[in-house]
Amino acid sequence: MRRFGPPPPDGGPRLQRADRTGPRTGRPTLPGPPTELVSTPSGVRLEQLVTGVGEPVTVFAHGLGGDIAGTRPLGSAVTGRRVFFHFRGHGRSDAPVGPWSFGDLAGDLRAVADLAGATRALGVSMGAGALARLLSASPDRFERVVCYLPAPLDGTRPAAAEARVERLLAAVESGEAASIAAAVESELPAPVRNTPTGWSYLRQRVEQLQKDGLGAELTTLWHEPAVPDEAALAAFRGRALVLGCLGDEVHPAAWAERLAGLLPGAELHVYDRPAVLWTNRAELRERISSFLND
């Protein structure tokens with residue numbers, strides 16, 4: 001698979017195609033809020049969105065192939081300033097030549113958190129893996145952390161997860177909206193598909209992925225464990241909330257249970273069915289905000 005290069009110097013999109021084969025209604029999607037590109041010590045520019053005001057500051061890290069829009073619902077009830085960003089290879093963030101590691105992702109997360117003065121962090125899937133990697137190296141970096149559907153720490157992934165990434169990257173590389181929509185639709189629970197909410201989500205994701213693309217180097221992340229020394233997580237002295245769910249073949253509940261066991265005193269909650277952000281969004285937001293706002 002070819003590499004998608006970094007955005008042009010002005011922070012423009014990786015891909016510009018006039019494809020019209022994807023899902024559409026008569027109404028275009030609303031433009032997202034304005035973001036900014038920030039420079040980091042590694043030389044990689046990262047796209048971020050800052051919302052809210054005051055203290056504390058919480059940074060939100062998305063999952064593989066995810067975006068800022070997908071993590072914003074998780075922080076909608078969190079007080080203080082909220083910083084959402086795109087890891088390298090996502091959105092308008094740079095996509096440097098690989099291979100990449102979770103150490104690189106942890107560096108992205110640390111850079112954004114340091115610039116914002118964040119004392120709290122939430123990571124989703126790959127973002128949770130990057131957060132765990134950062135905590136293993138700097139256990140005192142955050143006072144409170146939330147790990148939602150954490151990725152495996154040992155580098156072992158189920159076949160379903162590998163297939164999902166390959167399918168998504170191939171669809172994005174094709175540039176065809178219909179192919180991208182077909183790959184993204186698997187993220188939606190069956191009851192949400194073919195509903196106004198589902199179509200709105202698909203339109204937003206297809207437009208974002210067509211415009212910005214994804215870094216093909218994402219496939220190199222699991223060439224080594226996310227956290228080489230899991231025992232180092234025992235030095236974390238903050239508060240942690242780990243969230244998993246049953247029936248998710250891409251994020252088995254066992255990974256959440258394992259991570260919770262490695263972080264001293266971590267709170268663990270396992271939902272009884274997958275796609276919690278769609279099926280039980282209000283409760284999920286309440287649980288996250290209650291933990292971070294306390």
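Nothing fancy with the numbering, it's 1 onward along the sequence.
With rounding to the nearest 0.5 Å, the separation of CZ in Arg92 from CD in Gln48 is 11.0 Å. Here Leu46 contributes atom CG and Asp108 contributes atom CG; the two are 4.5 Å apart, rounded to the nearest 0.5 Å. For the atom pair CG (Leu74) and OG1 (Thr58), the distance works out to 12.0 Å, reported to the nearest 0.5 Å.
By the side chain to side chain donor-acceptor pair (under 3.5 Å) test, Ser289 pairs with no residue at all, sequence neighbours left out. With sequence neighbours left out, the side chain to side chain donor-acceptor pair (under 3.5 Å) criterion links Ser39 to no other residue. In this view, Thr195 satisfies the side chain to side chain donor-acceptor pair (under 3.5 Å) rule with no residue, not counting sequence neighbours. Under the ring pair (Phe, Tyr, Trp, His ring centres under 6.0 Å) criterion, His251 pairs with no residue at all, not counting sequence neighbours. Among residues two or more places apart in sequence or in another chain, the side chain to side chain donor-acceptor pair (under 3.5 Å) test is passed with Arg164 by Glu187. With sequence neighbours excluded, no residue forms a salt bridge (Lys or Arg N to Asp or Glu O under 4.0 Å) with Arg72. By the salt bridge (Lys or Arg N to Asp or Glu O under 4.0 Å) test, Arg258 is found to be paired with Glu230, residues two or more places apart in sequence or in another chain being considered. Under the rule for a side-chain contact (heavy atoms from CB on, under 4.5 Å), the partners of Ala226 that lie at least two apart in sequence or sit in another chain are Phe102.
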| query | Do Asp114 and Thr40 pass the side-chain contact (heavy atoms from CB on, under 4.5 Å) test, and can you show the C-alpha distance, the side-chain angles, and the key distance before you say yes or no? | reply | CA-CA 10 Å; Asp114 287 351; Thr40 68; over 6 Å; no

| query | Hey, mind stepping through Val53 and Arg81 against side-chain contact (heavy atoms from CB on, under 4.5 Å) and telling me if it holds? | reply | CA-CA 5 Å; Val53 294; Arg81 194 149 42 98; over 6 Å; no

| request: Determine, stepwise, if the pair Val192 / Thr279 fulfils side-chain contact (heavy atoms from CB on, under 4.5 Å). | output: CA-CA 9 Å; Val192 177; Thr279 62; over 6 Å; no

| said: Between Arg144 and Thr119, is the side chain to side chain donor-acceptor pair (under 3.5 Å) condition met? List the steps. | reply: CA-CA 7 Å; Arg144 299 190 188 193; Thr119 58; over 6 Å; no

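Distance alone, capped at 3.5 Å, places no donor-acceptor pair between the Ser138 side chain and the Asp140 backbone. Although no hydrogens or angles enter the test, the distance criterion places a donor-acceptor pair under 3.5 Å between the side chain of Thr71 and the main chain of Ile68. A donor-acceptor pair under 3.5 Å is absent between the side-chain atoms of Arg82 and the main chain of Val59, judged by distance alone. When atom types are taken as modelled, the side chain of Asn293 and the backbone of Ala77 share a donor-acceptor pair closer than 3.5 angstrom. Between the Ser101 side chain and the Asp104 main chain, a donor and an acceptor come within less than 3.5 Å of each other.
Applying the ring pair (Phe, Tyr, Trp, His ring centres under 6.0 Å) definition to pairs two or more places apart or across chains, those involving residues 35-86 are Phe60-Phe84, His62-His86, His62-Phe87, His62-His90, Phe85-Phe87. For residues 52-68, every residue pair satisfying the salt bridge (charged side-chain N to carboxylate O under 4.0 Å, His left out) rule, not counting sequence neighbours, is listed here: Asp67-Arg205. Applying the ring pair (Phe, Tyr, Trp, His ring centres under 6.0 Å) test to pairs two or more places apart or on separate chains, those with a residue in residues 270-294 are Tyr201-Trp278, His269-Tyr271.
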Could you go through residues 145-159 and list every donor-acceptor pair under 3.5 Å that involves a side-chain atom there, pairing it with any protein atom two or more places apart or in another chain?
{"from": "Asp154", "atom 1": "OD1", "to": "Thr156", "atom 2": "N", "distance (Å)": "3.0"}

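Within 6.0 Å of CZ in Arg281 there are more than 12 heavy atoms belonging to other residues, nucleotides or ligands. Other residues, nucleotides and ligands contribute over 12 non-hydrogen atoms within 6.0 Å of the CD atom of Glu162.
Ser93 and Glu47 form no side-chain donor-acceptor contact under 3.5 Å, judged by distance and modelled atom types alone.
Ala61 and Leu109 get closest at one heavy-atom pair: CB-CD1, 4.4 Å. The two residues Gly65 and Leu214 have their closest heavy-atom pair at CA-CD2, 4.0 Å.
Between Cys245 and Asp272, every side-chain heavy-atom pair lies at or beyond the 4.5 Å cut-off. With contacts defined as side-chain heavy-atom distances shorter than 4.5 Å, the pair Val270/Val242 does not qualify. Annotation: side chain of Leu135 is not in contact with side chain of Arg133 (no heavy-atom distance under 4.5 Å).
By the 4.0 Å N-to-carboxylate-O rule, Asp294 lies close enough to Arg239 to be salt-bridged with it. Taking the charged nitrogens against the carboxylate oxygens, Glu207 and Arg203 have no contact shorter than 4.0 Å, which rules out a salt bridge. A salt bridge does not link Asp94 with Arg88: every distance from a Lys NZ or Arg NE/NH1/NH2 to an Asp or Glu carboxylate oxygen is 4.0 Å or more.
Hydrophobic cluster membership is shared by Leu277 and Leu243, with clusters built from Ile, Leu, Val, Met, Phe, Trp and Tyr side chains linked at under 4.5 angstrom.
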